[in-house]
There are 2 protein chains.
Amino acid sequence: MKDIARRAGVSESAVSFALNGRPGVSETTRARVRRVAEQLGWRPSTAARALSGEGAATVGFVLARAADTLGVDSFFLQLVSGIQEVLAERHLGLLFQVAEDVADECAVYRRWWAEHRVDGVLVVDPRAEDPRPDLLDELGLPAVVIGGAPDVRHQGLSTVWADDAGAMASVVDELTRLGHRRIVHIAGLPGLAHTQRRIATLRAEAERRGLTEVRSVTTDYSDAEGAAVTRRVLGGSPPPTALIYDNDVMTVAGLAAAAELGFRVPQDVSLVSWEDSALCRMVTPRLSALSRDSAEFGRTAARELLALLDGDAARAVGVPVPRLTGRGSTGAARRT
Amino acid sequence: MKDIARRAGVSESAVSFALNGRPGVSETTRARVRRVAEQLGWRPSTAARALSGEGAATVGFVLARAADTLGVDSFFLQLVSGIQEVLAERHLGLLFQVAEDVADECAVYRRWWAEHRVDGVLVVDPRAEDPRPDLLDELGLPAVVIGGAPDVRHQGLSTVWADDAGAMASVVDELTRLGHRRIVHIAGLPGLAHTQRRIATLRAEAERRGLTEVRSVTTDYSDAEGAAVTRRVLGGSPPPTALIYDNDVMTVAGLAAAAELGFRVPQDVSLVSWEDSALCRMVTPRLSALSRDSAEFGRTAARELLALLDGDAARAVGVPVPRLTGRGSTGAARRT
DNA sequence: TGAAGCCACTCAAGCGCATTAGCAGTTGGC
DNA sequence: GCCAACTGCTAATGCGCTTGAGTGGCTTCA
C-alpha cells in the first residue's frame, strides 16, 4: 500500500479509503489508486486485515469421522464443492480439518477461536446429544449446522435442514403402494440426529398405516455392516420384502449379499438407497435412490453462513425434499 | 500476552521468549509464564504471528476437477486425511479449494501468495505440460508435487512419486503369467503425467515381451466412459482377454458392461483395477486391484512439505510400489 | 579494585492494514 | 463578510506479536 500511495501521489490512508470503497476520496483519485493497485497486482494481506479487526476471511469445516470410513462417501466432496462455490465469490478461504471424534472436533473449534483463525464454521453430522452448538454459542463463533433439525434453539447458529421425515414418508408411501408390508430400514450411525429422525418417522408412518413388521437397524454406514445386516434380516422368516438403506455404499453391499442368498432384486426383495450417486447407476439392477443435490446443500449452507457473518439473525432454512428416483431395484411385493 | 506479562510480572518480550522456547529467560520464569498462559488458555493469534514474519501456519491444497467428477473418487479424501494427520501435529491449517481447471488453480496460487495466506502448497494431478511448477518456482512458494515424476527440475519443489512403471510392469507380469496376450489398458485423463507414464510403460513392456495386441485408451475416469470403452473393446474381434482400468469406478462400470455383453469374469475376460477401495470388495466377483496406501501417500507428502518449510532442500521421495491384490476378477486366459 | 563479560530481562520499533482525529481549502447561507 | 458546513485529504494510533538493541546487576579474573 505504501508503494501504491507513493505512485499515486497520495497518503496510505487515501489508498485504504479508495480501495475499500469508503468515502473520503474523490472519484478521480479513487480510480487512479485502483489503477495503480491493479498494475502492481496488489492484494491485501489477510494477516494484516485480520489483525486490524476485519476477521480472518476464512471459514472452518471439520469432518469428524474415522479415517477409514472417509473414502467411499460421495456426499462430502460434493458438499464441500458447493460450499466452495459460494465462498469463492467473496474470496473467503475454507480451512479444512479431519478430526477423530466430536471431542477432538470441539478442541479444534476452541483452537481456531483462540487463534482467530476463522470467522465462522460449518458443522456437519449433528448428533442427538451434541456438545457443539453449546460450545459454538459460548465461543460466539457464527456457525451453520448442516442437516440439523429445523428448530433454532441457539441464537448464533443457523440450520440448514433436509426434510428427512417427508422423504421417509414418501418412500414408505411408494413401497406400500407396491404392496410391501414387511420393511427393514438399515440405518446409519445411531448417534446422528438424522438417523433418529428417520427411525422415528418410519415408526410413525408404520403405525399410521397399521404395518406391524417394520423396523430399523442401526449400523456404522460401512459396506461390511450393510452386507452383514442384510444377510441377517433376509435370513429371518418371513423375510422382509423391502429394504431401505441409509447410504449408497450399504445398498450396493446389501445387493451383493442378497444375491448370494439367492434373493432376486426386485422380484424377491426391493432395495432403496437414501443416497444417489454414480454407484447406484453402476450395479445391476440399477438402484432406486433418493436423489438430492448435495452441492446445492453446500451452497445453501455457505450462503447462510455469509448472511450470519453479515450480521443477519440466525435462522433455519430447508432444502428441497429428496425425490425418489425409481430404477430397477424396486418392484411390486411378492405375494406371500 | 499483555495479560500474561502483567500476571507473571515480566515484560511482553519475556513472555514471547518464554513461550517460544527462545533463550533470554531463566527456566523458572519460563515455567511461570507457561503456567499463566495455560491458565488463561492463551493461543497466539495467527494473524499477528503472520504479520510479524512468522508465516501463515497454513498450507494450501487445490483440487482442480470438474464438480461432477469429484464425488466418486475415494482417493482424495484418504489423501487429505493423511495430510491432515501430519499437519495437525504442528498445528498447521489446511486451506482447501476446489478449482475449475489448471488456469483457475494457478490464479488461486497467485492470490494465496499475494495475500500471504499460505506457507506452501501441495499439488496434485501433475500434467504433461504443467504450468504450475514454473509458477510456484517463480512465486517462491514451497510446494510438493504429489504423484509427479522422480526427476527434480525445479529447485523449490519436492516430489512424492509413485512407481507407476514398476506397478504396470508387475501387472503385465502377472497377466502374461496367466496366459493373457491381448490386453487393453483403459486409462484416465490423457493430460495427466501418470497416465502417460503408465501408457508408455505398458507399451515398453509389451514390446519387450513381443505382445502385439496390447494398447491403451484414455478416458475421463467416469463410470460412463469406463462402461462405453469396455463395450467397444469387447466388441472387437478377437476381443482382449484382460482389461486394466486406471481407477476403481471404471472397473466396476466395466464389470457391469462386460456382464451385459455376456462376458463372464474372469473366465472370458480378466479385470484389474488400479485403485483399491471398498468398491472393489463390494461387487461380484470381487475385483483384483492394485493396493496402495493413499493416506500414507498424503502423510509422506505433508512430511516433505514440512521439511521444505524447515529449510531443507527439495528432493524426490518414492512411496512403496502398489501391490496387486488378486481377487476374483483375474484368472487364466481363455484358450483361443 | 576495576574492567570485562554474561545473564536475564526491558524497550521500542515494526509487520500491513483500518480508522479516528484533524487540517487546509472551498462553498453556502444569512 | 463572517461563520458553519462540507470536501478531500494527511497524520497518528493501534491490532498482537517478534526481535534487535539496549540495560542493570552479578560474576570472574587480572
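Lettering follows sequence order; numbering is per chain, from 1.
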When you measure from the side chain of [X] to the backbone N and O of [Y], does any donor-acceptor pair fall under 3.5 Å?
X	Y	value
R110(B)	E105(B)	no
T46(B)	E115(A)	yes
S158(A)	R315(A)	yes
T195(A)	L189(A)	yes

What is the separation between atom [atom1] on [X] and atom [atom2] on [N], rounded to the nearest whole Å?
X	N	atom1	atom2	answer
R22(A)	dA18(C)	CZ	P	8 Å
K2(B)	dT10(C)	NZ	P	16 Å
H116(A)	dC17(D)	NE2	P	8 Å
I4(A)	dG16(C)	CD1	C1'	11 Å
R49(B)	dG14(C)	CZ	C1'	17 Å
E12(B)	dG16(D)	CD	C1'	8 Å
L51(B)	dC15(C)	CG	C1'	4 Å

Exercise. Checking all strands, does M1(B) fall into the base, sugar-phosphate, or nothing category for heavy-atom contacts under 4.0 angstrom?
Worked result: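 Touches a base.
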Exercise. Reckon S45(B) touches a base, only the sugar-phosphate, or nothing at all at heavy-atom distances under 4.0 Å?
Worked result: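 Sugar-phosphate, no base atom in range.
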Exercise. Under 3.5 Å, is there a donor-acceptor pair between the R117(A) and T58(B) side chains?
Worked result: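 Yes, because at least one side-chain N or O of R117(A) sits under 3.5 Å from a partner of the opposite role on T58(B).
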Exercise. Of all of residues 28-42 of chain B, which get a heavy atom below 4.0 angstrom from DNA chain D, listed by number?
Worked result: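 Output list: W42(B).
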Can you pull every protein N or O that's under 3.5 Å from an N or O on nucleotides 22-27 of chain C?
none

Exercise. Taking side chain as C-beta onward, heavy atoms only, is V118(A) less than 4.5 Å from V59(A)?
Worked result: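 With C-beta onward as the side chain, the pair stays apart.
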Exercise. Shortest non-hydrogen contact from R34(B) to L19(B)?
Worked result: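 Closest approach of R34(B) to L19(B): CA-CD2, 4.1 Å.
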For this session: Please report the shortest heavy-atom distance between D119(B) and A57(B), naming the atom on each side.
Result: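 The pair with the smallest heavy-atom distance is OD2-N, 2.8 Å.
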Of all the choices, [options], which nucleotide is nearest to the side chain of [X] once you look at every atom?
X	options	result
E54(A)	dG14(C), dC17(C), dT19(C)	dT19(C)
F17(A)	dT10(D), dT10(C), dG16(C)	dT10(D)
S52(A)	dT19(D), dC15(D), dG16(D)	dC15(D)
N20(B)	dT19(D), dT18(D), dT10(C)	dT18(D)

For this session: Taking only Lys NZ, Arg NE, NH1 and NH2, and the carboxylate oxygens of Asp or Glu, determine whether R299(A) and E296(A) approach each other closer than 4.0 Å.
Result: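 Between E296(A) and R299(A) there is a salt bridge, with a charged N closer than 4.0 Å to a carboxylate O.
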Exercise. Going by an N to O cut-off under 4.0 Å, is there a salt bridge joining K2(B) and E12(B)?
Worked result: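 Salt bridge between K2(B) and E12(B), a charged N being under 4.0 Å from a carboxylate O: no.
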For this session: Tell me which of R43(A) and G24(B) sits closer to the 5' end of DNA chain C, going by the nucleotide each one is nearest to.
Result: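 Per heavy-atom nearest nucleotide, the more 5' residue is G24(B).
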Problem set entry | Which residue lies more 5' along DNA chain C, comparing S26(B) with S16(A) via nearest heavy atoms |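 Its nearest nucleotide being more 5', the pick is S26(B).
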Problem set entry | Qualifying residue for side-chain contact (heavy atoms from CB on, under 4.5 Å) with V144(B), from L308(B), V121(B), V317(B), V123(B) |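 Only one option passes, and that is L308(B).
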Problem set entry | Check: dT19(D) base within 3.5 Å donor-acceptor of S13(B) side chain |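 By the distance-only test, yes, there is a pair.
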Exercise. Between the two ends of the helix from dT1(C)-dA30(D) to dC30(C)-dG1(D), what is the bend in degrees, rounded to 10 degrees, where each end axis spans five pairs?
Worked result: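 The two end axes of the helix from dT1(C)-dA30(D) to dC30(C)-dG1(D) meet at 50°.
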Problem set entry | Check against side chain to side chain donor-acceptor pair (under 3.5 Å), S13(B) and S16(B) | CA-CA 5 Å; S13(B) 325; S16(B) 179; over 6 Å; no
